[in-house]
*Asks:* 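One structure follows; several queries about it will come next.
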Number of protein chains: 2
Amino acid sequence: MRELDLIQRIRERHGSASGVETGIGDDAAVLRTAGGDRLVVTTDLLVEGTHYRPGDPARDVGRKLVMVSVSDVAAMGCRATGALVAVALRREHMGEWALDLLAGIEGAAAECGVPLIGGDTTETTGPAALCSTVIGEAPPGRRPVLRSGAVPGHALLVTGDLGGSLAGRHLRFRARQAEALELVGRCEPGAMIDVSDGLSTDAWHLARESGVTIRIAPDQVPVSPVAQGLADPLRHALEDGEDFELLFTVPAAAAEEIERSGLAGTPVTRIGEVLEGDVQVLLGDEPLDAGGYEHFGRERPHDA
Amino acid sequence: MRELDLIQRIRERHGSASGVETGIGDDAAVLRTAGGDRLVVTTDLLVEGTHYRPGDPARDVGRKLVMVSVSDVAAMGCRATGALVAVALRREHMGEWALDLLAGIEGAAAECGVPLIGGDTTETTGPAALCSTVIGEAPPGRRPVLRSGAVPGHALLVTGDLGGSLAGRHLRFRARQAEALELVGRCEPGAMIDVSDGLSTDAWHLARESGVTIRIAPDQVPVSPVAQGLADPLRHALEDGEDFELLFTVPAAAAEEIERSGLAGTPVTRIGEVLEGDVQVLLGDEPLDAGGYEHFGRERPHDA
């Protein structure tokens, strides 16, 4: 049973309750309040040995815990407004390790401007499990940006660069919240997602939810310096995952200006286009499978 | 390091950010949206071996996962409007066990009328870790009920009965959401909490947050049939925890009518009163220590 199956099962049966605009299947769920405000909310679980190594610095782990959820909120074009953390720790984590974890959590929250509003601490005898929940809101008058809004004729863009994140960036990345907020302030993106499963898989998510073909130009994919030092750099950029860059579509007319200026100081690269046609992702003219990391589907490199 | 320490550390430094009305230290955090709506949000983490036994039925575990968080939202006088679950499972959990877990999650969500709007599934090699997040809203025109609103002269009441929950009820309880919503529809409760740490500890939470003395009448505490069969039943009712009943204060004038009618078909018992004076809890005329279960503070009976 792969990750998508269990989530998919819930989705099939709970897609559209009253008040729920978008449930399972996007970076975050969209909830509508009684007063008509739209909120987004996302939850992520990091497990020792799966999402970080037991020896990784606790401060980096705490930082990642907050950043992964803020990244999901940013991918909805929203600003994080509150964060909760629930952690299960072993006894030997108590003391220095827990304080460093907390410092990382607090530092990331401050960096993202999101207040820590709740928490829960409990004990485990096995791998630590760390859960973050982040709530967010779209800027006034704007709606959350979904995965389903890619339209034929849109350009496909990505912030930063991709690949090789497991060498360290996956613990020290900064959620692209400022970039997302500048983007929605400047134009109406069609669809957006953060690159957590890998470019190929996440492009598939956009294609599937939007019902379109996405074509990626292989020579345009921005490959990280780390991935450039590995065998088959493009493959790393396509499949590694945990880049936490923003992958989004905008009307072609807006793409040039955004690529030229970047977003909030971060480079942006046009890497492809949205086409009418079957749900598929093309790399140049060749079909591209969803090859990114999925839990239970394949092991992460650092678990191997 | 006891549970309260880590949470307290966060609280001391992040108590009152903009938009956050009540952060750490209540059953749920209160967030105010840009449009002025007040939301509550809570997150809970259940760990195999700590909050349930490895052999407990997966369906009961899934049910508990949702119910503990809905119980927190109910204790704020709010209705749950969305639930997210993030689970870390071992490989052998996949298949039947995971489907039963899901059935329990779905059943509880349906029973509480709360849509499942998000989720995350990952793998662990150790004890399963299950995290639930529930969002809620107060009824129109009402504010969330905090722990800090107990006023001298109020009566202290509790739903249902207490003690011996670990014999089974802790897995099969129903969150007192209907009772909470009927309560706030009928009067303005001062303070409310759900009894998760044990009556004595949770009464302390109310006393501390409200800055009052709480006196409990020992002969009025409703002791569960299970606890009545144990040695020292009153002690079980005071200290066991995981009862998930509602403990609340109301103006004395409202108490009699609520005790007579009950709430949503559940009996309600007046067990004490709120007095002016030092922050303390009295059992009759004797000081009562916070003796309920706290993580890292003492072991649960079934871990011993």
Side-chain angles (χ1 to χ4, degrees), chain A residues 1 3 6-7 9-10 13-14 17-20 23-24 28-29 31 33-37 39 41-51 81-82 84-88 91 94-95 98 102 105-106 109 115-127 129 131 133 135 137 140 295-296, chain B residues 1 3 6-7 9-10 13-14 17-20 23-24 28-29 31 33-37 39 41-51 81-82 84-88 91 94-95 98 102 105-106 109 115-127 129 131 133 135 137 140 295-296:
Chain A
M1 177 180 301
E3 173 182 6
L6 194 60
I7 293 179
R9 272 172 190 273
I10 299 182
R13 285 180 281 187
H14 304 274
S18 126
V20 180
I24 290 159
L31 256 187
T33 66
D37 287 334
L39 299 170
V41 54
T42 184
T43 186
D44 292 279
L45 190 55
L46 301 188
V47 177
E48 183 184 19
T50 303
H51 299 90
T81 56
L84 300 90
V85 291
V87 300
R91 243 167 231 273
M94 292 287 106
L102 183 57
I105 290 169
E106 291 179 323
L116 287 167
I117 59 174
D120 189 19
T121 307
T122 189
E123 190 177 345
T124 181
T125 56
C131 188
T133 298
I135 319 278
E137 282 187 67
H295 304 293
F296 300 115
Chain B
M1 180 180 301
E3 173 181 7
L6 195 59
I7 293 178
R9 271 173 190 273
I10 299 181
R13 285 179 281 188
H14 304 274
S18 128
V20 181
I24 290 158
L31 255 187
T33 67
D37 286 334
L39 300 169
V41 54
T42 184
T43 187
D44 291 280
L45 190 55
L46 302 187
V47 177
E48 183 183 21
T50 302
H51 299 90
T81 56
L84 300 90
V85 292
V87 301
R91 244 166 229 275
M94 291 288 104
L102 183 57
I105 289 169
E106 291 179 324
L116 287 167
I117 59 174
D120 188 20
T121 306
T122 189
E123 190 177 345
T124 180
T125 55
C131 188
T133 298
I135 318 277
E137 282 187 67
H295 304 294
F296 300 116

*Asks:* With a 4.5 angstrom heavy-atom cut-off, is it the side chain or the backbone of Leu46(A) that approaches chain B, or both, or neither?
*Replies:* neither
*Asks:* Using a 3.5 Å distance criterion without hydrogens, assess whether the side chain of Asp37(B) forms a donor-acceptor pair with backbone atoms of Thr33(A).
*Replies:* no
*Asks:* Please report the closest heavy-atom contact between Ala88(B) and Leu45(A), naming both atoms and the distance.
*Replies:* N-CD2, 3.3 Å
*Asks:* Working to the nearest 0.5 angstrom, can you tell me the gap between Leu31(B) CG and Thr81(A) OG1?
*Replies:* 5.0 Å
*Asks:* I need the residue from Gly126(A), Ala86(A), Pro127(A) with the largest number of non-hydrogen atom pairs under 4.5 Å to chain B.
*Replies:* Pro127(A)
*Asks:* Based on non-hydrogen pairs under 4.5 Å, which of Pro140(B), Gly35(B), Gly36(B), Ala129(B) is most in contact with chain A?
*Replies:* Gly35(B)
*Asks:* Indicate the atoms forming the closest heavy-atom contact of Asp44(B) with Asp120(A), along with that distance.
*Replies:* CA-OD2, 3.5 Å
*Asks:* Is it the backbone or the side chain of Val41(B) that comes under 4.5 Å from a heavy atom of chain A, or both, or neither?
*Replies:* both
*Asks:* Apply side chain to side chain contact (heavy atoms under 4.5 Å, CB included) to Thr43(A) and Thr43(B), showing your working.
*Replies:* CA-CA 10 Å; Thr43(A) 186; Thr43(B) 187; 5.7 Å; no
*Asks:* With a 4.5 Å heavy-atom cut-off, do Ile135(B) and Ile135(A) have their side chains touching?
*Replies:* yes
*Asks:* To the nearest 0.5 Å, tell me how far Glu137(A) CD sits from Leu39(B) CG.
*Replies:* 8.0 Å
*Asks:* Under 4.5 Å heavy-atom distance to chain B, tell me which part of Thr133(A) shows up: side chain, backbone, both or neither.
*Replies:* side chain
